[in-house]
Amino acid sequence: MLTDYHLHLRSDALEASAAEHFTPANAQRYRDAARARGIEELGVSEHVYRFAQALEVWRHPFWVQQANDDLDAYCAFVREQTDLRLGIEADFVPGAEERLASLLDARDFDYVVGSVHFLSDGAVDMDDYSVWKTAADPEEVWERYFQTLGQAAASGLFDVLAHPDLVKVWGAQRPRPRGDLRRFYELALEGIAASGIAVEVSTAGLRKRAGEIYPAPAFLEMCVQAGAPVALSSDAHRPEDVGADYDRALELLGRAGVGELCVFDRRRRRMAAIAGAATEAQPSGRAARAPPTSAA
Ligand SMILES: [Zn+2]
Ligand SMILES: [Zn+2]
């Protein structure tokens, strides 16, 4: 089976209101798009910082501007008016672990997607508050990014590590460090391996200037070798992008020997075989150990 767990029911624009987008009809548009692409397991993961309760966790000026909606109304909407899994995309904010844990534990999410969008106050993937304005050296940004990613994994706050090499989002617009990038991936690997967190394979990078799936093949291989399970997502912000470019994601997964995907229910994880969905590139290794009954 296929999954798409990192979905937003609205765009990132401030004017994209909850009232307009958190409706059964809009959820159905995502469900219909998923069905057309053969995706059964669907979950929504709105940004935590769009909700007023997030200000209990962090008061970054960007969050203060964005935090307009009610988190419990969102949870009730997804549970009561849709057939989607209830998730959330929550930023890792060093030093705010306990406050974030309180926010998350008070609600019955199926899963929590953990993201690193900020390094201290500097944004990795936005022009506003950009970390790149003050950082002269891409080596420094990449190093800090992957160290923080490892801390996010090790925090135990999250079920899935989102867009694991988001730092490449700008493509050629921001200089990349030279040489073999595995020296950066290495910085996050211990946290990933020790925590047992799932690593997201996200096709969103293909729709950004990076023009690549997150994570890079070498990083995915390292994660898989370290025993990390994989969650597959598109990070769609509109129905048209649900399951976008999954043919390319499945090819990447096949090459990495990944034959199973994570499925979540009330923050419990099980593995389901991709088998049947994959068209070519027969998975091996991990797939061979997958129980045949999980191909539901
Ligand atoms: Zn994100
Ligand atoms: Zn997202």
Side-chain angles (χ1 to χ4, degrees), residues 3-14 16 18 21-22 26-27 30 33-34 39 42-51 54 57-58 60 62-63 66-67 69 71 74 78 84-93 100 104 109-119 122-131 141 145-146 148-149 151-153 155 157-171 188 197-210 212-215 219 231-246 249 262 264:
T3 65
D4 199 339
Y5 277 141
H6 188 153
L7 296 175
H8 302 268
L9 290 176
R10 55 181 167 182
S11 75
D12 286 337
L14 245 190
H21 292 86
F22 296 172
N26 193 36
Y30 283 69
I39 302 163
L42 221 57
V44 60
S45 59
E46 292 297 324
H47 284 292
V48 71
Y49 57 71
R50 301 291 300 255
F51 301 105
V57 177
W58 203 29
H60 189 286
F62 176 71
W63 286 33
Q66 297 271 327
D69 300 321
L71 180 56
Y74 159 70
V78 175
L84 308 179
R85 297 271 185 199
L86 174 59
I88 190 159
E89 178 175 10
D91 294 61
F92 176 63
V93 181
L100 181 59
L104 297 173
F109 294 111
D110 287 315
Y111 59 92
V112 177
V113 177
S115 298
V116 175
H117 299 119
F118 287 89
L119 301 176
V124 173
D125 61 339
M126 289 194 301
D127 271 326
D128 293 346
Y129 313 103
S130 175
V131 72
V141 178
Y145 174 81
F146 283 100
T148 309
L149 190 73
Q151 288 169 24
S155 72
L157 288 163
F158 311 114
D159 303 296
V160 179
L161 200 55
H163 37 60
D165 55 353
L166 177 72
V167 70
K168 74 183 178 189
V169 62
W170 298 99
I197 195 169
V199 165
E200 180 180 79
V201 167
S202 167
T203 58
L206 291 167
R207 305 192 299 278
K208 306 284 186 180
R209 290 191 181 88
E212 292 174 17
I213 289 174
Y214 308 114
F219 191 14
L232 177 61
S233 293
S234 67
D235 204 349
H237 288 64
R238 47 181 200 160
E240 303 91 290
D241 290 332
V242 175
D245 299 306
Y246 267 23
C262 298
F264 294 98

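Note that ligands are numbered from 1 as they come in the structure, with each ligand's atoms numbered from 1 the same way.
Remark: aromatic rings of W58 and Y49 are distant, center separation not under 6.0 Å.
Among the atoms of H8, an N, O or S atom is found under 2.8 Å from the Zn ion (ligand 2). Look at H47 and the Zn ion (ligand 1): no N/O/S atom of the residue is under 2.8 Å from the metal. The Zn ion (ligand 1) lies at 2.8 Å or more from every N, O or S atom belonging to H6.
In this structure, the separation between CG on L166 and CG on L161 is 11.0 Å, given to the nearest 0.5 Å. Rounding to the nearest 0.5 Å places OG of S202 at 7.0 Å from NE2 of H163. Note that CG of D245 is 5.0 Å distant from CG of L206, once rounded to the nearest 0.5 Å.
E89 contributes atom OE1 as its closest N/O/S atom to the Zn ion (ligand 2). Taking the Zn ion (ligand 2) as reference, the nearest N/O/S atom within D235 carries the name OD1.
Centred on the Zn ion (ligand 1), the angle running from H117 (NE2) to H163 (NE2) is recorded as 100°, rounding to 10°.
Residues H117 and E89 bring a donor and an acceptor atom of their side chains to less than 3.5 Å of each other.
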